[in-house]
Peer 1: 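Supplied in structure tokens, the structure appears directly below.
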Amino acid sequence: MPVLDREQPKGPKDSNVLPKLPVPPLQQTLDTYLKCMEHLVSKEQFRKTKAIVEKFGAPGGSGELLQKKLQERRDKTDNWVYDYWLEDMYLNNRLALPVNSSPVMVFPKQTFRDRADALRFAAHLISGVLEYKTLLDGRDLPVEYARGQLAGTPLCMEQYYRLFSSYRLPGLKKDTLVAQKSCVMPEPEHIIVACKNQFFVLDVVINFRRLNETDLFTQLEKIAKMADNAEERLPPIGLLTSDGRTQWAEARSALMKDSTNRDSLDMIERCLCLVCLDDPCGVELSDTNRSLQMLHGGGHNKNGGNRWYDKPMQFVVGLDGVCGVVCEHSPFEGIVLVHCSEYLLKYMKGSPSKLVRAASVSELPAPRRLHWKCSPEVQGFLASSAERLQRLVRNLDMDAYKFKFYGKEYIKKQKMSPDAYIQVALQFAFYRCNGRPVSTYESASIRRFREGRVDNIRSATAEALAFVKSMTDEKSSVPDAEKMKRLWDAINAQTNYTVLAITGMAIDNHLLGLREIAQEMKTEKPEIFTDETYLMSNQFILSTSQVPTTVEMFCCYGPVVPNGYGACYNPQADHIIFCVSSFRESTETCSAVL
């Protein structure tokens, strides 16, 4: 993803002053689509696809009509692709959120001498969250400006305002992204603290006063003591949120039959965020193992039930020092998670912990444990959720790897874009492992536009393939000067596609829009969208994203298809952090090999 920054405080606070996302010219998209796919399918399949595309784009063809309808939609909406994209990317997806959808941020390992130390850290972190939320409430976040390609353009900030005010509600066929409406009289604000699979309401504003760090620490201590009481422990209802979305929607309907459960669900759905106080995970705390803990909590017998995956921000504080953030991805992109996390870590480093020895002036009301009534039906859902989470835990193969030979400064000295260079390197690595190129996804921010989220940079270019072949199959027959030329061609092709994507001219969103407009018009699905090439073009065996950070931490996520890789990378000055994930059940993949 092109690098973003927010150094300059001046700029449009209101996203309405930003331009609307353009609808690319139809013929340009169709030409680019063919160029992207020609070298990824057989000659015979490509001939068939070319004929289908030409028919779709012909004068008076279905493409022209759909394009016209899409342009009309652009005139009537702030962002013509936003709803289509949100549903296609997230809300229609039935897979479980952990690993498959929710990215995580892994903080540096903390050293806690005892539980009180971990609770102090958590209290300090919550203070930072409340400070950050104050910035959001006042809409005082400095506007970010693009860096990297086409630097200096102001970016849409709307995603930030969904950090603590959204909730992903499961549905039988489609989820709903619920936005909390702000009202004139703000309700008492609370966060939910998860501890030993129990959920507690921690009010952070009491009698119109925000709790200070000492108060927060005191309340967290009370919660930890309450959670220790084994007799009062309730079933690990959080496990249900780790299941497939349809299964969780069914389980939620069963829970909702009881008023006690309805009240508990309401408190969780309206909270600012979750703080998950995790038990030690009992494994060596390598970067890879800490990543796994963030992604799935180690399963139902460890911290897998100490979560509520529908909430956008879950801050994890493990007694063994494993800390980070689990993020529900539908309200915002990774860069928002990065900037919020960086703010918190800098806040905690820059403002010493304000724990004072004296007790609070007034006795605080004790935090409340959320109660659940578990019918045999709910118990059945819990058992199957636990089993499916274990299967996911066993299946995930993760390798967090620090490449130490050089970093982005060396690449820049070669006058190359670090992002383009790494993307070409990933194409090279995949080809060496598999002997073929595959559809590749790299997220590209389109926040230059109103309500902009992302489009796709299709990194498996013909130029990248020519380069990797010169380094593998044709290694002995291609001179070094030609290899170097092909590397430059590949990097330039990648850079050019990046510019296309960030200026709203890439093909994925456009093709999605045309497909969805056809469905809305209830016309027969155009053949371009049922063609084998199109279906293959959306099977992203290599799903990649650059997530750079300015403080010590890294991001990771799972693959998006059963036989694919998730490849997240974080280029630093003198090293690059790679987090590569795959599924053990696939015989085609191996995270350590890539």
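What you are looking at is a predicted structure, and each value in this text was computed from that prediction instead of being measured.
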Peer 1: Does atom CD of Glu474 have more than 12 heavy-atom neighbours, drawn from other residues, nucleotides or ligands, at distances under 6.0 Å?
Peer 2: yes
Peer 1: If we ignore hydrogens and angles and just use 3.5 Å, is the side chain of Gln423 paired with the main-chain N or O of Ala460 as donor and acceptor?
Peer 2: no
Peer 1: Is there a donor-acceptor contact under 3.5 Å linking the side chains of Tyr160 and His339?
Peer 2: yes
Peer 1: To check you understand the geometry: which heavy-atom pair defines the closest contact between Arg448 and Ala146, and what is its length?
Peer 2: NH2-CB, 3.2 Å
Peer 1: Considering only heavy atoms from C-beta outward, does the side chain of Glu158 approach that of Phe332 to under 4.5 Å?
Peer 2: no
Peer 1: Checking Glu38 against Tyr33: is there a side-chain donor and acceptor pair closer than 3.5 Å?
Peer 2: no
Peer 1: Just checking, any donor-acceptor pair under 3.5 angstrom between side chains of Ser443 and Glu333?
Peer 2: no
Peer 1: Counting only heavy atoms not in Glu552 (residues, nucleotides, ligands), do more than 12 fall under 6.0 Å from its CD?
Peer 2: no
Peer 1: Checking Tyr406 now: which residues fulfil side-chain hydrogen bond (donor to acceptor under 3.5 Å, both in side chains) with it, not counting sequence neighbours?
Peer 2: Tyr421
Peer 1: Identify, with sequence neighbours excluded, every residue that meets side-chain hydrogen bond (donor to acceptor under 3.5 Å, both in side chains) alongside Arg73.
Peer 2: Tyr84
Peer 1: Have Gln572 and Asn570 got a donor and an acceptor in their side chains that come within less than 3.5 Å?
Peer 2: yes
Peer 1: Give a yes or no on whether a salt bridge exists between Glu451 and Arg162, defined as a side-chain N under 4.0 angstrom from a carboxylate O.
Peer 2: yes
Peer 1: Answer yes if the side chains of Glu328 and Ser330 hold a donor-acceptor pair under 3.5 Å, and no otherwise.
Peer 2: yes
Peer 1: Mind checking side chain to side chain contact (heavy atoms under 4.5 Å, CB included) for Asn93 and listing every partner two or more places apart, or none if nothing turns up?
Peer 2: Leu95
Peer 1: If the condition is side chain to side chain contact (heavy atoms under 4.5 Å, CB included), which residues does Ala400 pass it with, not counting sequence neighbours?
Peer 2: Asp287, Thr288, Ser291, Phe554, Cys579
Peer 1: Using the test side-chain hydrogen bond (donor to acceptor under 3.5 Å, both in side chains), find all partners of Asn563 that sit at least two apart in sequence or belong to another chain.
Peer 2: Glu588
Peer 1: Tell me whether Arg453 forms a cation-pi arrangement with Tyr82, defined as NZ or CZ under 6.0 Å from the six-membered ring centre and within 45 degrees of its axis.
Peer 2: no
Peer 1: For Asp75, does its backbone N or O pair with a side-chain atom of Lys20 as donor and acceptor, under 3.5 Å?
Peer 2: yes
Peer 1: Do Lys346 and Val551 make a side-chain contact, defined as non-hydrogen atoms from C-beta onward lying under 4.5 Å apart?
Peer 2: yes
Peer 1: By salt bridge (Lys or Arg N to Asp or Glu O under 4.0 Å), which residues pair with Asp489, not counting sequence neighbours?
Peer 2: Lys485
Peer 1: Within the distance-only criterion (no hydrogens, no angle test), does the side chain of Ser586 pair as donor or acceptor with the backbone N or O of Ser582 below 3.5 angstrom?
Peer 2: no
Peer 1: In the structure I gave you, are the side-chain heavy atoms of Leu396 and Arg584 within less than 4.5 Å of one another anywhere?
Peer 2: no
Peer 1: Can Glu442 and Ser545 be counted as having a side-chain donor-acceptor contact under 3.5 angstrom?
Peer 2: no
Peer 1: Is a donor from one side chain sitting under 3.5 angstrom from an acceptor on the other, for Gln27 and Asp31?
Peer 2: yes
Peer 1: Is it the case that the side chains of Glu482 and Ser470 hold a donor-acceptor pair, with the cut-off being a distance below 3.5 Å and no angle test?
Peer 2: no
Peer 1: Show which side-chain atoms of residues 426-438 pair as donor or acceptor with protein atoms under 3.5 Å away, not counting sequence neighbours.
Peer 2:
unit_1: Gln427; atom_1: NE2; unit_2: Thr440; atom_2: OG1; d: 3.0
unit_1: Tyr431; atom_1: OH; unit_2: Asp473; atom_2: OD2; d: 2.6
unit_1: Asn434; atom_1: ND2; unit_2: Phe430; atom_2: O; d: 3.1

Peer 1: For Arg307, check side-chain hydrogen bond (donor to acceptor under 3.5 Å, both in side chains) against everything at least two apart and list the hits.
Peer 2: Asp278
Peer 1: For residues Asn100 and Tyr557, is any side-chain donor paired with an opposing acceptor at under 3.5 Å?
Peer 2: no
Peer 1: Can you give me every donor-acceptor pair (side chain of residues 500-517, partner residue at least two apart or in another chain, under 3.5 Å) with its distance?
Peer 2:
unit_1: Thr503; atom_1: OG1; unit_2: Val499; atom_2: O; d: 2.6
unit_1: Thr503; atom_1: OG1; unit_2: Leu500; atom_2: O; d: 3.1
unit_1: Asp508; atom_1: OD1; unit_2: Arg458; atom_2: NE; d: 2.9
unit_1: Asp508; atom_1: OD2; unit_2: Asn456; atom_2: ND2; d: 3.4
unit_1: Asp508; atom_1: OD2; unit_2: Arg458; atom_2: NH2; d: 3.0
unit_1: Asn509; atom_1: ND2; unit_2: Val454; atom_2: O; d: 3.1
unit_1: Asn509; atom_1: ND2; unit_2: Asp455; atom_2: OD2; d: 3.4
unit_1: His510; atom_1: ND1; unit_2: Thr29; atom_2: OG1; d: 2.6
unit_1: His510; atom_1: NE2; unit_2: Gln67; atom_2: OE1; d: 2.7
unit_1: Arg515; atom_1: NH1; unit_2: Tyr534; atom_2: OH; d: 3.2
unit_1: Arg515; atom_1: NH2; unit_2: Asp88; atom_2: OD1; d: 2.9

Peer 1: Under 6.0 Å between ring centres: does that hold for Trp85 and Tyr90?
Peer 2: yes
Peer 1: Listed by chain and number, what are the salt bridge (Lys or Arg N to Asp or Glu O under 4.0 Å) partners of Lys483, not counting sequence neighbours?
Peer 2: Asp480
Peer 1: Identify, with sequence neighbours excluded, every residue that meets salt bridge (Lys or Arg N to Asp or Glu O under 4.0 Å) alongside Lys50.
Peer 2: Glu54
Peer 1: Tell me, please, which residues at least two apart from Asp531 pass salt bridge (Lys or Arg N to Asp or Glu O under 4.0 Å).
Peer 2: none
